[in-house]
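Inspection log for the structure reproduced underneath, given as C-alpha cells.
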2 protein chains.
Amino acid sequence: MTDYSLLLRENDLKATFQRMQILETISKFGHLTIDSIYTEISKVHSSISLATIYKNILMMVDRGVLTEVPIIGKKSKYEIKKDEHIHLICISCGDVHDKSFKDRTIEYIDSISDDFLLSTTHREINLYGVCNRCNNI
Amino acid sequence: MTDYSLLLRENDLKATFQRMQILETISKFGHLTIDSIYTEISKVHSSISLATIYKNILMMVDRGVLTEVPIIGKKSKYEIKKDEHIHLICISCGDVHDKSFKDRTIEYIDSISDDFLLSTTHREINLYGVCNRCNNI
DNA sequence: CTGGTTGCAAAATTTTTGCACTGGT
DNA sequence: ACCAGTGCAAAAATTTTGCAACCAG
C-alpha cells in the first residue's frame, strides 16, 4: 500500500479524504474511467460529488500524479503515473493490462520520430485485441 | 484525388454529398476533430447538420473507412484509414503528423504482447512533444 | 487561521435520438 | 420507387463553473 498522502503533498496537493479515495480506487482496479471512479467511491462515501472527481482528476493529471489513457471508441481511463509501459486493451470489454517495455524499446521508438517534434516527452503504445475472458463468453 | 464514392460504396455506404465532403475535408487536413470537420464543411455548405457529421463519423469508423485517433487531453481526431503508422502529436497545438513504421516494427511491438490478448488487431503508437512551429511562437 | 477543497446546483458543452422530408441507386 | 440518409429540434449525457460551507496544514 503506497503512501498516497506523501505523493499528493509532493505535488502540492492537500491530502484530502476524497483524493486518497480516488488514488486508492484507481490503484485497486488499475485503470478506471471517471464515472467508474465515481461509482466505486460512492459505494463507501455516498456523498462524494462527481464535480469533485472531475476537478481532481484534471488537477492530478496536470500535476503528473495520474496519466490519462485514451482508448479508441471508449472513454479515457486514468492510471497512477508510473514508468513507461505498453497497454494491452480489449476491444470488447475495454479492460487494460500493463506490460513492461523491453530494453531499448524507447530508443527504438524515438528513433522513428522526425524533425516535426523537437523532442519526445511522452510515448503511447497500445495494442488492441480481444482478451481471453471476452473470447470465452 | 482519391475516388471516395468508390471507397464508400465498397463499404456499403451511399456516396452522398455530405459523406464526400467529410472525406475530402479530412483528406485535406489529415486529422480533424468532429467539430473542425463541421466548421470546415459549413464554410462551403452552410446547411449541413452537426448530427449528420456525428452519425457519419461513427458509421464510417464502424465500416473501417475512418480511424479514430484519441489524443491525451484533447478531443479525438479522425483520419482516413490507411496502412499502420505512427503519430507524432504536438502537446501544444494538437497537430498530428503521420510517420511510417520502419520495417519489422509491427513484429517487434507485437512480440511484447502476452496471453491477455488472443491476437493483436490494431496498434497505436503515438509520440508526444512540442512541434517546431509551437516552439517558435 | 486561512487558503485550498468540497458539495451542490446551475450552466455549458457534447453527443444522441426521433421523425418528416429528401436524394442516391 | 425504395429506403438509406439528411436536417432540425429536442433530449440525453458529459463536463465545467460559481459559490457558501468546510477542513488540512
Side-chain angles (χ1 to χ4, degrees), chain A residues 3-25 32-63 65-66 68-78 94, chain B residues 3-26 32-66 68-78 94:
Chain A
D3 184 355
Y4 291 124
S5 63
L6 183 58
L7 176 64
L8 287 167
R9 267 170 290 156
E10 281 171 350
N11 289 282
D12 297 312
L13 295 168
K14 286 187 180 175
T16 63
F17 174 79
Q18 291 81 349
R19 285 177 184 154
M20 299 292 277
Q21 288 288 308
I22 291 172
L23 291 173
E24 277 162 22
T25 303
L32 285 180
T33 58
I34 287 183
D35 54 289
S36 301
I37 295 167
Y38 176 63
T39 304
E40 281 303 320
I41 298 180
S42 294
K43 291 178 185 169
V44 301
H45 186 250
S46 61
S47 70
I48 196 167
S49 153
L50 184 54
T52 298
I53 310 280
Y54 272 101
K55 288 170 189 164
N56 278 308
I57 296 290
L58 286 201
M59 179 153 287
M60 290 196 257
V61 167
D62 201 58
R63 300 298 174 86
V65 174
L66 296 180
E68 178 184 349
V69 184
I71 299 175
I72 292 176
K74 316 225 181 221
K75 287 195 273 187
S76 284
K77 296 192 171 189
Y78 295 86
Chain B
D3 184 355
Y4 291 123
S5 63
L6 182 57
L7 175 63
L8 287 167
R9 266 171 291 161
E10 281 171 349
N11 288 281
D12 297 313
L13 295 168
K14 285 186 181 176
T16 64
F17 174 79
Q18 291 81 348
R19 285 178 184 154
M20 299 291 278
Q21 287 288 309
I22 291 172
L23 291 173
E24 278 162 21
T25 304
I26 294 176
L32 285 180
T33 57
I34 287 183
D35 53 289
S36 301
I37 294 167
Y38 176 62
T39 304
E40 281 303 320
I41 298 180
S42 293
K43 290 178 186 170
V44 300
H45 186 251
S46 62
S47 70
I48 196 168
S49 153
L50 183 55
T52 298
I53 310 278
Y54 271 101
K55 288 170 188 164
N56 278 308
I57 296 290
L58 286 201
M59 179 152 287
M60 291 196 259
V61 167
D62 201 57
R63 300 297 173 86
V65 174
L66 296 179
E68 179 184 350
V69 183
I71 299 174
I72 293 177
K74 317 225 179 219
K75 288 196 272 187
S76 285
K77 296 192 170 189
Y78 295 86

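Order of the sequence lines sets the chain letters (A, B, ...), proteins ahead of strands, with each chain counted from 1.
Between the CZ atom of R19(B) and the P atom of dG7(D) there is a distance of 11 Å, rounded to whole Å. What separates CG of L58(B) from P of dG5(D) is a distance of 14 Å, to the nearest Å. The distance from atom CD of Q18(B) to atom C1' of dG7(D) is 9 Å, rounded to the nearest whole Å. Atom CG of N56(B) and atom C1' of dT6(D) are 9 Å apart (whole Å). Atom-to-atom, NZ of K55(A) to P of dC22(D) comes out at 16 Å; the value is rounded to the nearest Å. At whole-Å resolution of the value, CD1 in I22(B) and P in dG5(D) are 12 Å apart. Between the P atom of dG7(C) and the CD1 atom of I53(A) lies a distance of 8 Å, rounded to the nearest Å. When the P atom of dT16(D) is taken as reference, atom CD1 of I57(A) falls 12 Å away, rounded to whole Å.
At the phosphate of dG7(C), OP1 or OP2 sits under 4.0 Å from a side-chain N or O atom of T52(A).
With dT14(C), dT15(D), dT17(D) as the candidates, the nucleotide lying closest to the side chain of Y54(B) is dT14(C). Taking only side-chain atoms of T16(B), from C-beta outward, the nucleotide of dG24(C), dG7(D), dT5(C) with the closest atom is dG24(C).
Side-chain atoms of T25(B) and E40(B), non-hydrogen and from C-beta on, do get closer than 4.5 Å to each other. M60(B) places a side-chain heavy atom less than 4.5 Å from the side chain of L23(B).
For K14(B) and D35(A), each mapped to the nucleotide of DNA chain D holding its nearest heavy atom, the one lying further toward the 5' end belongs to K14(B). For A15(B) and A51(B), each mapped to the nucleotide of DNA chain C holding its nearest heavy atom, the one lying further toward the 5' end belongs to A51(B).
Of the possible polar contacts, one joining the E68(A) side chain to the G73(B) backbone as a donor-acceptor pair under 3.5 Å is found. With N56(B) contributing its side chain and T52(B) its backbone, the two residues share a donor-acceptor pair below 3.5 Å.
Between the side chains of T33(A) and S36(A), at least one donor-acceptor pair of N or O atoms lies under 3.5 Å.
Across all strands, I48(A) comes closer than 4.0 Å only to sugar-phosphate atoms, never to a base (heavy-atom distances).
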